[in-house]
Chemist: 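What follows is a single structure, and I will ask about it in a moment.
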There are 2 protein chains.
Amino acid sequence: MESQGFSGEQIATQCERRLSDCGIRPTGQRVRIATLLLCAPQHLSAEQILESLRASGARVSKATVYNTLNLFAERGLIRQLSVDGSRAWFDSNVDAHYHFHDTTTGALIDVPIPDVEFSRLPAPPAGTEVAGIDIVIRLRKKS
Amino acid sequence: MESQGFSGEQIATQCERRLSDCGIRPTGQRVRIATLLLCAPQHLSAEQILESLRASGARVSKATVYNTLNLFAERGLIRQLSVDGSRAWFDSNVDAHYHFHDTTTGALIDVPIPDVEFSRLPAPPAGTEVAGIDIVIRLRKKS
DNA sequence: TTCCTTGCAAAACTTTTGCATTAAA
DNA sequence: TTTAATGCAAAAGTTTTGCAAGGAA
């Protein structure tokens with residue numbers, strides 16, 4: 001769960017700073033959730049986060065996980081994805097990018113922006129402008 | 001709810017034939033749901049379909065609506081969309097196409113295939129192939 | 001103290017399932 | 001008659017909410 005030689009404690013401190021920068025009070029639970037989610041680009045469900053935190057001994061409620069994820073998403077710290085109807089996925093990579101969705105395994109894989117190029121896009125309807133483009137490339141096992 | 005001068009009854013008959021062609025027994029409820037959904041390209045939720053049928057006097061259960069929509073989707077008669085996390089939308093247009101999603105009104109608008117052109121796409125990961133591409137262009141009110 | 005956050009339980013919502021009843025072939 | 005579809009209620013899964021208790025400033 002660590003990266004580039006930083007200790008878990010140092011990552012937690014970095015996360016605290018990121019929360020503060022977003023105007024979010026860095027409470028214990030929020031820092032735990034942020035540390036889990038922001039340590040690397042990844043896609044997690046609320047349930048996975050809850051389980052992971054409890055497995056590591058933390059006392060967290062479902063309500064707090066959802067409240068926190070919604071707060072983070074609102075402040076642009078994470079992104080909520082709708083790739084299958086079953087549940088929400090929270091993406092710690094908020095840079096613009098697209099996704100592969102492996103329909104066999106359920107896995108989500110980031111597709112960097114430069115890997116997709118449009119030579120034509122429709123004009124938005126009158127009175128509207130484009131707020132963003134979501135692309136999901138569905139994958140199946142090669143036959 | 002009618003189009004091109006066809007009566008409701010004629011449309012229902014056409015729908016019956018389409019169901020039979022897909023190997024689906026054209027029961028009363030199924031024909032009603034198909035008639036509602038297939039009379040024009042549109043995006044409806046299960047709840048909207050249930051309400052609409054009941055408003056027109058039909059006796060239908062929630063279970064049947066869901067079972068029927070899942071059956072139709074499985075047989076390729078309609079397509080299930082995941083555009084917001086809140087619920088599933090059922091699209092009666094099964095030809096390949098993309099979507100505008102108006103985040104202000106919640107409306108879904110079809111984007112025909114020729115309106116989008118790629119000059120670059122990522123190669124699918126080894127062992128997989130592309131099963132389909134979903135694009136949602138999010139719209140907001142022009143500022 | 002005052003305000004915000006948390007946990008718990010319950011509620012709200014969407015979707016699925018079990019089972020007795022009904023309709024279709 | 002035989003099989004499959006329907007309705008109802010209940011269950012299951014995800015997400016939200018109300019409220020009392022706890023923590024931060």
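What you see below is based on every heavy atom in this structure, not just the backbone, and it leaves out hydrogens, waters and symmetry mates. Keep in mind the model is a prediction, meaning the values are calculated, not measured. Just so we're on the same page: letters track the sequence lines, and every chain starts at 1.
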Chemist: As a test of reading the structure: which of dT16(D), dT15(C), dT6(C) is closest to the side chain of Ala88(B), going by heavy atoms?
Modeler: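 Output: dT15(C).
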Chemist: Can you name the salt bridge (Lys or Arg N to Asp or Glu O under 4.0 Å) partners of Arg138(A), sequence neighbours left out?
Modeler: Asp134(B)
Chemist: Listed by chain and number, what are the side chain to side chain donor-acceptor pair (under 3.5 Å) partners of Glu117(A), not counting sequence neighbours?
Modeler: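 Testing Glu117(A) for side chain to side chain donor-acceptor pair (under 3.5 Å), a comparison that skips the adjacent residues, returns Ser119(B).
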Chemist: With a cut-off of 3.5 Å and sequence neighbours excluded, list every side-chain donor-acceptor pair involving residues 71-78 of chain B.
Modeler:
unit_1	atom_1	unit_2	atom_2	d
Arg75(B)	NH1	Cys22(B)	O	3.0
Arg75(B)	NH1	Gly23(B)	O	3.3

Chemist: Can you name the side chain to side chain donor-acceptor pair (under 3.5 Å) partners of Asn67(A), sequence neighbours left out?
Modeler: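 With sequence neighbours excluded, Asn67(A) shows a side chain to side chain donor-acceptor pair (under 3.5 Å) to no residue whatsoever.
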Chemist: Using whole Å, report how far CZ of Arg30(A) lies from P of dG7(C).
Modeler: 11 Å
Chemist: Would you list the protein and nucleotides 18-25 of chain C atom pairs, both N or O, that sit under 3.5 Å from each other?
Modeler:
none

Chemist: Kindly write out the residues that satisfy side chain to side chain donor-acceptor pair (under 3.5 Å) with Arg17(B), not counting sequence neighbours, or none if the list is empty.
Modeler: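 For Arg17(B) there are no side chain to side chain donor-acceptor pair (under 3.5 Å) partners, ignoring immediate neighbours.
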Chemist: In residues 44-59 of chain B, what residues come within less than 4.0 Å of DNA chain D, judged by heavy atoms?
Modeler: Arg59(B)
Chemist: Testing the 3.5 Å rule here: is there a donor-acceptor pair between the side chains of His43(A) and Asp110(A)?
Modeler: yes
Chemist: Whole angstroms only, please: what is the CD1-C1' distance between Ile24(A) and dT5(C)?
Modeler: 13 Å
Chemist: On the nucleotide dT16(C), are OP1 or OP2 found under 4.0 Å from the side-chain N or O atoms that Tyr66(B) carries?
Modeler: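 No, outside the criterion.
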Chemist: Under the side chain to side chain donor-acceptor pair (under 3.5 Å) rule, collect the residues that match up with Ser92(B), sequence neighbours excluded.
Modeler: none
Chemist: May I ask you to list the residues of residues 75-87 of chain A, by number, that have any heavy atom positioned under 4.0 Å from an atom of DNA chain D?
Modeler: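 Residues of residues 75-87 of chain A that come under 4.0 Å of DNA chain D are, in numerical order, Ser86(A), Arg87(A).
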Chemist: Would you confirm whether Thr103(B), through its side chain, and Leu139(B), through its main-chain N or O, come within 3.5 Å as a donor-acceptor pair?
Modeler: yes
Chemist: What is the separation between atom CG on Leu69(A) and atom P on dT14(D), rounded to the nearest whole Å?
Modeler: 14 Å
Chemist: Provide, to the nearest angstrom, the distance between the CG atom belonging to Asn70(A) and the P atom belonging to dT6(C).
Modeler: 13 Å
Chemist: Any salt bridge (Lys or Arg N to Asp or Glu O under 4.0 Å) involving residues 19-32 of chain A? Give me the pairs, sequence neighbours left out, ordered by first then second residue.
Modeler: none
Chemist: Just the rounded figure in Å: distance from P of dA5(D) to CZ of Arg32(B).
Modeler: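 Interatomic distance, CZ of Arg32(B) to P of dA5(D): 16 Å.
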Chemist: Using atom CD of Gln29(A) as one end and atom C1' of dC4(C) as the other, report the distance to the nearest whole Å.
Modeler: 14 Å
Chemist: For Ser20(B), give me all partners under side-chain contact (heavy atoms from CB on, under 4.5 Å), at least two apart in sequence or on another chain.
Modeler: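 For Ser20(B) the side-chain contact (heavy atoms from CB on, under 4.5 Å) partners, ignoring immediate neighbours, are Pro26(B).
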Chemist: Could you check which of dG7(D), dT6(C), dT15(C) has an atom nearest any side-chain atom of Lys62(B)?
Modeler: dT15(C)
Chemist: Once side-chain contact (heavy atoms from CB on, under 4.5 Å) is applied, do any residues pair with Ser45(A), and if so which ones, sequence neighbours excluded?
Modeler: Glu47(A), Gln48(A), Arg87(A), Trp89(A)
